Amino acid sequence: MSHTIVTRFAPSPTGFLHIGGARTALFNWLYARGRNGLMLLRIEDTDRERSTQAAIDAIFDGLTWLGLDWDGEPIFQSARADRHREVVEAMLAAGTAYRCYASPQELEEMREAAYREGRPPRYDGRWRDRDPREAPAGVAPVIRLKAPLTGETVIEDEVQGRVAWQNEHLDDLVLLRSDGTPTYMLAVVVDDHDVGVTHVIRGDDHLTNAARQKQIYDALGWQVPAMAHIPLIHGPDGSKLSKRHGALGVDAYRAMGFLPEALRNYLVRLGWSHGDQEIFSTEEMVSTFDLPQIGRSPARFDFAKLENLNGHYMRAAGDRDLLAAIEALLPHIADGAELAAKLDNGLREKLLLALPGLKERAKTLTELIEQARYLYAERPLALDRKAHALLTEEARSILCEAGEALSEVEPWTAATTEGAVRRYAETRSLKLGAVAQPLRAALTGRTTSPGIFDVLAVLGKEESLGRLADQAGNATQGSNTLSRTASADTISEN
RNA sequence: GCGCCCAUCGUCUAGCGGUCUAGGACGUCGCCCUUUCACGGCGAAAACAGGGGUUCGAGUCCCCUUGGGCGCGCCA
């Protein structure tokens, strides 16, 4: 089966899979999947010193978590060094490349001189036409491309349009280092060509590289693939995306409790649009994504919008799926193991029941877990400052009476507890809120929570009445106890 | 310094010469719903960087200025 479209994602494993890389991968994936094409994964590990196995694993994990699969086995660029050398040998033989014996010091001096004289720092081509017999003894040369001196090099970019460089501004780049290893510039061209890549979709920080790579393609007589250089993602202040901005690994987004579908949706709309549509299912993305709708200006990373999207996808998620996502998250967060144990110890059922109310109120999975704390907190509950303030003497006596009314309730459901509480409020001529808020404080330790009758129902009769008694009891013991409840072990800001 | 790219509400964007008194989304603010918080609904404030052209007509085309970004390695 032959594929007319072949894309590739080609990260260098020198750090984590950051958000910009994730978007590049997504675009490549979308383009290929929407056209019955292939998306290949190539690990550009030709920088043997900076490449790490941890980074390689992070790339695999990140892509997998994001739901971006690739075709075939990942290609390791380092394994193809022989092929790269072979190509350069052919270029040497064809006269499109040459040996350069200039030492690193010479090159450094060249750059410094150029800078002093206000010229761009470029290799001056001193070995380009020099007789190889003049080569200094014992110096291993680099192999350089014999690039055109005049004319222009043009890229017809799918998103940038026609971009041209005067060849006099481009120098003879190194193809093979003096130790015989290929440079990135050469390796990319050879690898893309050998596997039949038809579309190179990557960050526009590679735009100038595209010109140099075009020269290599031309020297080799190979067809240049279609190019699409997408604008980079910037930080909220417009500057380069830094760690504090969101240039985190995708693993960090997972740990923050974002859903992969939310991150995908957020990322696809960064730099690309389809009319006014904001929400895209994966299928919609695949079927509508195309290169002409990619903008040319850089986008800024906005956490608020990501959170909004994440909230949307959490609300839309089925409770079982959401529970699975939460459980999958646990290994990646602090206290995750502890929570996992509690899940196995009865919390899972409670959480599942509480999820409909919980997912409406959280923007991230971690926030949801935090808001679910009342489900697994031990008695007596720690009250946060507002909840504590809410439980005045009067409120505590209301709790006491409400607790009595509730103790009659059988069976214990949201509907029956609601009936009891409403009847009680009515008999005392109290607004429902005057009863509900103290109940909330006593049952959850907070002033905000899911609907109070759902809380009651999920907690169960015994636990609910217990929590109410914990707080109601304090009312009868005078102000001394009240000040004691204000001590550090019963009050927490969170 | 040189080369290249970019420029619509705070942010993501729609707009591809007239339908723009510039649309949507996030965020912000107000109102409604309501036991809290959310969700949801309704509404508001909020942008064509500046200057020249081209044209009957410019957010849309061209140039300049300004402001950002990327690149300029025997890194990728």
Side-chain angles (χ1 to χ4, degrees), chain A residues 10-14 44-47 49-51 77 100 102-104 107-108 111 114-123 140-144 155 157 160-161 163-166 169-171 173-179 181 183-185 187-188 203-212 229 231-232 234 236 238-240 266 269-279 292 295-309 311 315 357-363 371 386 390 418 421-422 425 431-437 439-441 444 446-453:
Chain A
S12 57
T14 52
E44 310 224 310
D45 57 348
T46 46
D47 184 347
E49 270 155 36
R50 294 198 299 160
S51 300
Q77 199 157 55
C100 167
S103 66
L107 263 16
E108 189 51 40
R111 273 190 286 270
Y115 186 77
R116 252 183 281 116
E117 293 158 32
R119 287 181 294 110
R122 282 194 290 263
Y123 173 66
V142 299
I143 314 286
R144 286 181 185 272
I155 298 292
D157 195 89
Q160 304 288 339
V163 187
W165 290 261
Q166 295 304 312
H169 292 147
L170 269 15
D171 64 2
L173 66 279
V174 173
L175 299 170
L176 223 52
R177 301 182 187 110
S178 55
D179 64 0
T181 58
T183 59
Y184 160 79
M185 216 62 81
V188 171
D204 72 6
D205 50 336
H206 284 287
L207 189 54
T208 10
N209 291 336
R212 324 198 83 196
H229 288 90
L232 266 17
H234 288 176
S239 66
K240 188 181 167 127
Y266 177 69
R269 285 284 291 104
L270 225 46
W272 175 81
S273 61
H274 183 66
D276 284 338
Q277 190 171 348
E278 300 282 350
I279 304 292
R296 281 188 280 180
S297 55
R300 302 186 185 197
F301 193 85
D302 181 14
F303 261 107
K305 191 144 186 172
L306 209 211
E307 286 187 336
N308 173 272
L309 242 10
R315 269 173 264 132
L358 251 13
K359 69 185 180 186
E360 288 288 324
R361 293 166 171 78
K363 294 195 183 315
Q371 289 172 2
K386 285 180 189 167
L390 193 91
E418 175 165 6
V421 170
R422 282 187 187 278
K431 283 185 166 181
L432 187 53
V435 183
Q437 278 306 84
L439 281 176
R440 188 182 322 279
T444 70
R446 299 177 184 188
T447 52
T448 66
S449 81
I452 197 61
F453 306 113

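This is a predicted model, so every value here is computed, not measured. Residue numbers start from 1 in every chain, and the chains themselves are labelled A, B, ... in the order their sequence lines are given, proteins ahead of strands.
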Under 4.0 Å, heavy atoms only, any strand: does [X] hit a base, just the sugar-phosphate, or nothing?
X: A/Ala102; value: base
X: A/Phe453; value: base
X: A/Arg422; value: sugar-phosphate
X: A/Leu173; value: nothing

Quiz item: [X] side-chain donor-acceptor pair to [N] base, under 3.5 Å:
X: A/Arg296; N: B/C5; answer: no
X: A/Ser449; N: B/C37; answer: no
X: A/Arg440; N: B/U35; answer: yes

Can you tell me the base-pairing partner of B/U19? Count Watson-Crick or G-U wobble geometry only, both distances below 3.5 Å, and say none if there is no partner.
none
Partner lookup for B/G40, please. Criteria are Watson-Crick or G-U wobble with both distances under 3.5 angstrom; report none if nothing qualifies.
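Answer to the pairing question: B/C32, which forms a Watson-Crick or G-U pair with B/G40.
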Identify all pairs in which a protein N or O lies below 3.5 Å from an N or O of nucleotides 61-63 of chain B, and state each distance.
none

Set of residues satisfying salt bridge (Lys or Arg N to Asp or Glu O under 4.0 Å) with respect to A/Asp302, sequence neighbours excluded
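Expected list: none.
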Anything under 3.5 Å between a protein N or O and an N or O of nucleotides 23-25 of chain B, put it in a table, one pair a line.
residue	atom	partner	partner atom	Å
B/G23	N2	A/Asp276	OD1	2.7
B/G24	N2	A/Glu278	OE2	2.7
B/A25	O4'	A/Glu278	OE2	3.2
B/A25	N3	A/Lys305	NZ	3.0

Where does the angle between the aromatic ring planes of A/Phe303 and A/Phe301 fall among parallel (under 30°), tilted (30 to 60°) and perpendicular (over 60°)?
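Answer is perpendicular, since the angle exceeds 60°.
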Please compare A/His206 and A/Ser273 by the position of their nearest nucleotide in RNA chain B and report the one closer to 5'.
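Looking at the nearest nucleotide for each, A/Ser273 comes out on the 5' side.
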Short side-chain N/O contact from A/Arg212 to OP1 or OP2 of B/G71, under 4.0 Å
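Result: no.
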Phosphate OP1/OP2 of B/C74 contacted by A/Arg111 side-chain N/O (<4.0 Å)
yes
If you measure from the C1' atom in B/U55 to the same atom in B/U60, how many Å do you get, rounded?
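It comes out at 13 Å once rounded to the nearest Å.
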Roughly how far apart, to the nearest Å, are B/C70 and B/C74 at atom C1'?
23 Å
